[in-house]
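Naming convention: chains lettered A, B, ... in sequence-line order (proteins, then strands); numbering from 1 in each chain.
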Number of protein chains: 2
Amino acid sequence: MNIQAFSARTGISAHTLRYYEKIGLLRRVQRLPNGHRNFSEADLRWIEFVQRLKDTGMPLEQIHHYADLREAGDNTLAERQQLLEDHANHLRESIAQQQQHLDKLNDKIALYRSAVKRGRLSCPRLPQPA
Amino acid sequence: MNIQAFSARTGISAHTLRYYEKIGLLRRVQRLPNGHRNFSEADLRWIEFVQRLKDTGMPLEQIHHYADLREAGDNTLAERQQLLEDHANHLRESIAQQQQHLDKLNDKIALYRSAVKRGRLSCPRLPQPA
DNA sequence: GCTTGACTTAGAGTCGACTCCAACGGCTAA
DNA sequence: TTAGCCGTTGGAGTCGACTCTAAGTCAAGC
């Protein structure tokens, strides 16, 4: 798979893919005799996992660390598991927080809905004069 | 409330508060005769709302736009409502997406759990030789 | 009167994550 | 054989959001 095809399948720009290889998120990408990258299905599975970590807020540096562990072999399994569990815990908390934010936002929207009907936002403390 | 007290109550650094005022997220902050800022309870409520928008992924530029609308008065109520509803919809989708990511992550962690017991990650296709 | 410390400003620097640029190579089609 | 692509590289530039620095003001305490 050349870089354009891989870009199309991952939704990551060719620029960014080269950048990821440069900083070590993608490693040992095969090359054709002319020097062009030749991405594999394994690269695809890996980059999809990288995307998941990134999309859930893990910094590239930490993903890089995970890649280091992965490269180091089976004696880093426990550390990788720990890393993923910590990340999953953060994610759980973050989702709960976002849900709270959403609830509050919906409260505010409800205020706006009735305010738009009245044409003003402020809610007077006292009944309007007759 | 001086900038330190306001910083303590919001969790936003004094640096960042000045920055927010500079870029127009905080407006018409009162000053003491010596030029020091004197934040009000209304400033507090506003900045907490700003934090909520920011924490849910709204760029400062869009929050700035909301501040513009707010400043323009009651004839922007409908537009503000729309902006918040759009944002709430994005947030809803984002939460669903994050939840999916979490589920997949948990699947992977489950794999790791059993892998750590075995001491290797790969799952052989065939039963082990006797 | 002098130091200390919190505050002020404009503007520069940092950081993470891209994003682009210039200069080049190799393949194909006219 | 030359034009037009697609690919390569190192390195520079951009962007959002801070974060810090330098130089200054001002009030309180010793």
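In this structure, B/K22 does not reach the C/dT8 phosphate: none of its side-chain N or O atoms is under 4.0 Å from OP1 or OP2. Taking only side-chain nitrogens and oxygens, B/R31 never comes nearer than 4.0 Å to OP1 or OP2 of D/dC26.
We find that CD of B/Q62 is positioned 14 Å from C1' of D/dG16, with the value rounded to whole Å. Rounded to a whole Å, the CZ atom of A/R18 is 12 Å from the C1' atom of C/dC21. In this structure, B/Q51 atom CD and D/dC18 atom C1' are separated by 14 Å, rounded to whole Å. As a whole-Å value, the separation of A/Q4 CD from D/dC5 P is 14 Å. Between the P atom of D/dA12 and the NE2 atom of A/H15 lies a distance of 17 Å, rounded to the nearest Å. With rounding to whole Å, B/H64 atom NE2 is found 13 Å from D/dG16 atom P. Rounded to whole angstrom, the span from the CZ atom of A/R37 across to the P atom of D/dG7 amounts to 10 Å. With rounding to whole Å, A/Y19 atom OH is found 10 Å from C/dC15 atom C1'.
Annotation: of the two residues near DNA chain C, A/N34 and A/Y20, the 5′-most nearest-nucleotide partner is A/Y20. For the pair B/L60 and B/H36, nearest-nucleotide mapping onto DNA chain D gives the more 5' position to B/L60.
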Going through the checks in order, is the side chain to side chain contact (heavy atoms under 4.5 Å, CB included) test met by B/L105 and A/R92? CA-CA 11 Å; B/L105 215 49; A/R92 230 185 312 278; over 6 Å; no
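A/R9 and A/E48 are not joined by a salt bridge, as no carboxylate oxygen comes within less than 4.0 angstrom of a charged side-chain nitrogen.
Note: A/W46 and A/Y66 have parallel aromatic rings, judged against thresholds of 30 and 60 degrees for the angle between ring planes.
Without hydrogens or angle criteria, A/H64 side chain to A/I23 main chain gives a donor-acceptor distance under 3.5 Å.
Note on B/I3: only backbone sugar-phosphate atoms sit closer than 4.0 angstrom, heavy atoms only; bases stay farther off.
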